[in-house]
Structure formats: C-alpha cells, structure tokens
Amino acid sequence: MNREAMLQEALRSIGDDSRIRHWRRVSGGDINDAYRVQSGKQTYFIKMQRFPPAGFFTAEQAGLERLRQADAIHVPAVFGVGEANGWGWLVLEWIEGTETAQTAEQLGRGLARLHRCRGPAFGLDHDTYIGALPQRNGWYGRWLDYYRDARLAPQMKRAAANGLLPAERQRKLERLLERLDRWIPNDCFPSLLHGDLWGGNWLPGPGGAPYLIDPSVFYGHYELEIAFTELFGGFPARFYASYQELMPLTPEYHERKPLYQLFYLLVHLNLFGESYGRSVDRVLERYAGEYPPA
C-alpha cells in the first residue's frame, strides 16, 4: 500500500471518507513520519510510524486529552489513533499561525495555569514514552521517590545496558541517588506537567496563541519542567516573567536546577549517545564529586 493510500486509510479510521485533495510531508521529529493532509472535510496533521511500540500513539493521545481537560493552554484536537498493514498513526488537528508580540507571555501564563492543576499523587496511572524511550509510571506519595526511582534510576539502568556508563560515571550516579534528598524537596505538590517541553514542542496557532504538542505527561514538581525549558534554550525572557507572575519559583530553584536537567540529559544520552556524556558528568561532578555541596 502506497503512502497516500495509507493516509486515506488513516482518515477512514476516524470517519472521514472524503478523498484526499492534497498531502505533503512535513517536519515531525526523528521518530515519526509526519504529513499535512487536506481532505474534502478539513486539514489534518497525521503522524505515522512503521511497527510502533505498543501503546505509543495511544499514550500521546491520552496525554493530549489530559492537557485539554485541564483547560489551561491550547492543544491540538485529537481525532483518533489506528493501525493497519504494520503502520500506526495519530490523527490531529492541523495547527498553523504566526507568533505575535503576546505569544511568549501567553505561553508562560498558560504553562503556569497548567502547573496549578494538581494530581492525586506523583506519577501517572499508565506508562508513557519520552521520545522513543518507554517510561514506567505509577502513583507515588513522595516526589523524591518518584523522581529517583521512576525517572533517574531507569535512565541510569538503560545507560548501563547501552554501554554509556563508564565506572566513574556510574559510581557518581549511584552516590547521587543515595543523597538526592539533600536537594530534592518533598513538600511540593504534584503539578500536571507536559513532561517534554523544549522549544520544538510548542507552536503558534491562529492569532499567535501557543499550542503544546508531543507531551510526555505526568504529575511532578513544576520546577522540573522549567529547568528543562532552560536546558537547550528556545524560551524568551518574557515567557519566564509571565510564568512567575502566577507560579513564582522558589529561592532554591537555581541550586537544584542542574539536578532536574540531569534527567533530560540522561534521556538524551540514551537516545543520541556519548555526545551528551560530558554534560551528564558536569552535573555529577558538582553534586556527587569528592566534595559535593552540603
């Protein structure tokens, strides 16, 4: 079955039986093939993957729906997921727009409203993915336990299995996990997080309104999300100023920020290899070297 026929099959799976008028491939990341598809009814964004991991697109669908239900910031409408002939797909609303002078402020305030949405505990009731990596979840009563046991430790084990943990790196990681309670709080509340918010995972829609895409949702400490936005840049000062009008960061944020960025550096280490090793090592040396800060 050729690609247009597969796209037509994806539309039929959501109840759109009209013929495709136009389609083209668009940028959609490293994992999926992505398409702008115009049918006789409307325009869609369709993500497709050959032999996707179990639950890959349903996890993204569930994450977008959870963000939508929070009613804090825009997300694309989800029309459905499906599989046929070894292909899996996710059909979304096509979002298109141009940033305005207000977009950054709207993004900051919207994210702050999202982080004000509290969950019953830390974690999530189902497993998800970050990029192509599976993430086990569950409910935890303490943020420290969830961050250590459900986030950092699995990435450490994956890195060891991938041959990316030389002895000294592993020793420092293990030492850090043993003393993580020095810096990671347990008096925070479980905020609804996008979970993978870098500059490529939001886009401007009609009127410049920001939309969040490609989530890896869970409930956690909101400072983790802000720390990741600072790791690779892409967010202007206006974003942070408007965010803190609703959700001020604690005085301790800057001290623990590298520890929150460590999780995402380990993810990138596992996804892209040793090019991220030195960044991981710098964090470990600061917090788990011979004389880490008290």
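Reckoned from all heavy atoms, side chains included, excluding hydrogens, waters and symmetry mates. What you see is a predicted model, and the numbers here were worked out from it, not measured in a lab.
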task: Just do the side-chain hydrogen bond (donor to acceptor under 3.5 Å, both in side chains) check on Q170 and E174 with the steps written out, would you?
output: CA-CA 6 Å; Q170 180 164 344; E174 291 171 349; 3.1 Å; yes
message: Applying side-chain hydrogen bond (donor to acceptor under 3.5 Å, both in side chains) to T103 and R238, what does each step give before you reach the verdict?
response: CA-CA 9 Å; T103 298; R238 297 186 305 278; over 6 Å; no
task: Could you go through the salt bridge (charged side-chain N to carboxylate O under 4.0 Å, His left out) check for K172 and E168 one step at a time?
output: CA-CA 6 Å; K172 288 179 180 177; E168 184 66 8; 3.8 Å; yes
- request: Determine, step by step, whether F45 and Y35 satisfy the ring-ring contact (aromatic ring centres under 6.0 Å, His included) criterion, reporting the C-alpha distance in whole Å, the side-chain angles of both residues, the deciding distance to 0.1 Å, and the verdict.
  value: CA-CA 6 Å; F45 178 68; Y35 302 90; 8.9 Å; no
- request: Could you please spell out the steps behind the salt bridge (charged side-chain N to carboxylate O under 4.0 Å, His left out) verdict for D125 and R66?
  value: CA-CA 12 Å; D125 57 359; R66 194 175 293 255; 3.4 Å; yes
- request: Kindly indicate, with the supporting measurements, whether the criterion side-chain contact (heavy atoms from CB on, under 4.5 Å) is fulfilled by H115 and Y243.
  value: CA-CA 10 Å; H115 290 172; Y243 177 89; 2.7 Å; yes
- prompt: How far apart are the C-alpha atoms of L152 and L180, what are their side-chain angles, what is the distance that settles it, and do they pass the side-chain contact (heavy atoms from CB on, under 4.5 Å) test?
  reply: CA-CA 11 Å; L152 291 179; L180 204 59; 3.8 Å; yes
task: Evaluate the salt bridge (charged side-chain N to carboxylate O under 4.0 Å, His left out) criterion for residues R136 and D127: first the C-alpha distance (whole Å), next the side-chain angles of each, then the deciding distance (0.1 Å), finally the verdict.
output: CA-CA 5 Å; R136 297 294 298 272; D127 297 340; 3.2 Å; yes
- request: Quick one: do N270 and Q155 satisfy side-chain hydrogen bond (donor to acceptor under 3.5 Å, both in side chains)? Show the steps, please.
  value: CA-CA 7 Å; N270 283 313; Q155 293 299 328; 2.8 Å; yes
task: Apply side-chain contact (heavy atoms from CB on, under 4.5 Å) to V280 and L284, showing your working.
output: CA-CA 6 Å; V280 169; L284 295 178; 3.8 Å; yes
query: Yes or no on ring-ring contact (aromatic ring centres under 6.0 Å, His included) for F122 and W143, after CA distance, side-chain angles and deciding distance?
result: CA-CA 6 Å; F122 297 99; W143 166 240; 5.7 Å; yes
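Within 6.0 Å of CZ on R50 lie more than 12 heavy atoms contributed by other residues, nucleotides or ligands. Surrounding CZ of R171 are more than 12 heavy atoms belonging to other residues, nucleotides or ligands, all under 6.0 Å away.
D196 and S216 get closest at one heavy-atom pair: CB-CB, 4.1 Å. Across all non-hydrogen atoms, the minimal contact from R169 to E274 is NH2-OE2, 2.8 Å. The heavy-atom pair separating L114 from A72 by the smallest distance is N-CB, 3.4 Å. Considering all non-hydrogen atoms of both residues, S242 and A104 come closest at OG-O, 3.9 Å. Of all heavy-atom pairs between L92 and P76, the closest is CB-CB, 4.4 Å. Heavy-atom minimum distance, Q49 versus W87: C-CE3, 3.4 Å.
Between the side chain of D16 and the backbone N or O of S18, at least one donor-acceptor pair lies under 3.5 Å. A donor-acceptor pair under 3.5 Å is formed between the side chain of E225 and the backbone N or O of G195. Put simply, the side chain of R182 never gets that close to the backbone of L176: no donor and acceptor are under 3.5 Å apart. Remark: side-chain polar atoms of Q8 are paired, donor with acceptor, to backbone N or O of I20 under 3.5 angstrom. Within the 3.5 Å criterion, the main-chain N or O of E4 finds a donor-acceptor partner in the side chain of N2. Side-chain N or O atoms of Q106 include none that pairs as donor or acceptor with a backbone N or O of I73 at under 3.5 Å. Side-chain N or O atoms of R116 include one that pairs as donor or acceptor with a backbone N or O of L246 at under 3.5 Å. A donor-acceptor pair under 3.5 Å is formed between the side chain of E223 and the backbone N or O of T250. In this structure, the side chain of R68 engages the main chain of V75 through a donor-acceptor pair within 3.5 Å. Listed for the Q261 side chain is a donor-acceptor partner under 3.5 Å among the backbone atoms of A227.
Residue Y211 is not grouped with residue V91 when hydrophobic side chains (ILVMFWY) are merged at heavy-atom distances under 4.5 angstrom, including chains of intermediate members. W94 is not connected to L203 by any chain of hydrophobic side-chain contacts under 4.5 Å among Ile, Leu, Val, Met, Phe, Trp and Tyr, and they are in different clusters. Hydrophobic clustering of Ile, Leu, Val, Met, Phe, Trp and Tyr side chains at less than 4.5 Å, counting indirect connections, keeps M48 apart from I95. A continuous path of hydrophobic side-chain contacts links I130 to Y140 [ILVMFWY only; heavy atoms under 4.5 Å].
Side chains of V81 and F56 form no contact here, defined as non-hydrogen atoms less than 4.5 Å apart. Residues T229 and Y240 meet the side-chain proximity criterion, which asks for heavy atoms closer than 4.5 Å. By the 4.5 Å heavy-atom criterion applied to side chains, L249 and Y222 are counted as neighbours. A 4.5 Å side-chain heavy-atom check between Y287 and R282 finds every atom pair outside the cut-off. For the pair M6 and W89, the minimum side-chain heavy-atom distance is below 4.5 Å. Residues L212 and N201 form no side-chain contact, since every pair of their non-hydrogen atoms from C-beta on lies 4.5 Å or further apart. Counting heavy atoms from C-beta outward, Y219 and L193 have side chains that stay 4.5 Å or more apart. Residues L124 and H126 meet the side-chain proximity criterion, which asks for heavy atoms closer than 4.5 Å.
Between the NZ atom in K47 and the CD1 atom in I213 there is a gap of 7.0 Å [rounded to 0.5 Å]. For the atom pair S191 OG and L111 CG, the distance stands at 9.5 Å (nearest 0.5 Å). In this structure, CH2 in W139 is found 11.5 Å from CZ in F218, a value given to the nearest 0.5 Å. In this structure, the separation between CZ on F232 and CZ on F228 is 5.5 Å, given to the nearest 0.5 Å. Interatomic distance, CZ of R36 versus OG1 of T43, reported as 4.5 Å (0.5 Å rounding). Taking CD of E99 as the start and CG of L107 as the end, the distance is 9.0 Å to the nearest 0.5 Å.
Between Y147 and Y260, the two ring planes are perpendicular [angle over 60°; tilted spans 30° to 60°].
For the pair E178 and R175, the salt-bridge criterion is not met [side-chain N within less than 4.0 Å of a carboxylate O]. Between R286 and E255 there is a salt bridge, since a side-chain N of the basic residue sits under 4.0 Å from a carboxylate O of the acidic one.
If you look at F189 and H221, their ring centroids are not closer than 6.0 Å.
Taking H194 as the reference, nothing meets the ring-ring contact (aromatic ring centres under 6.0 Å, His included) condition, with sequence neighbours excluded.
A cation-pi contact, defined as under 6.0 Å to the ring centre and within 45° of the axis, is absent between R3 and W23.
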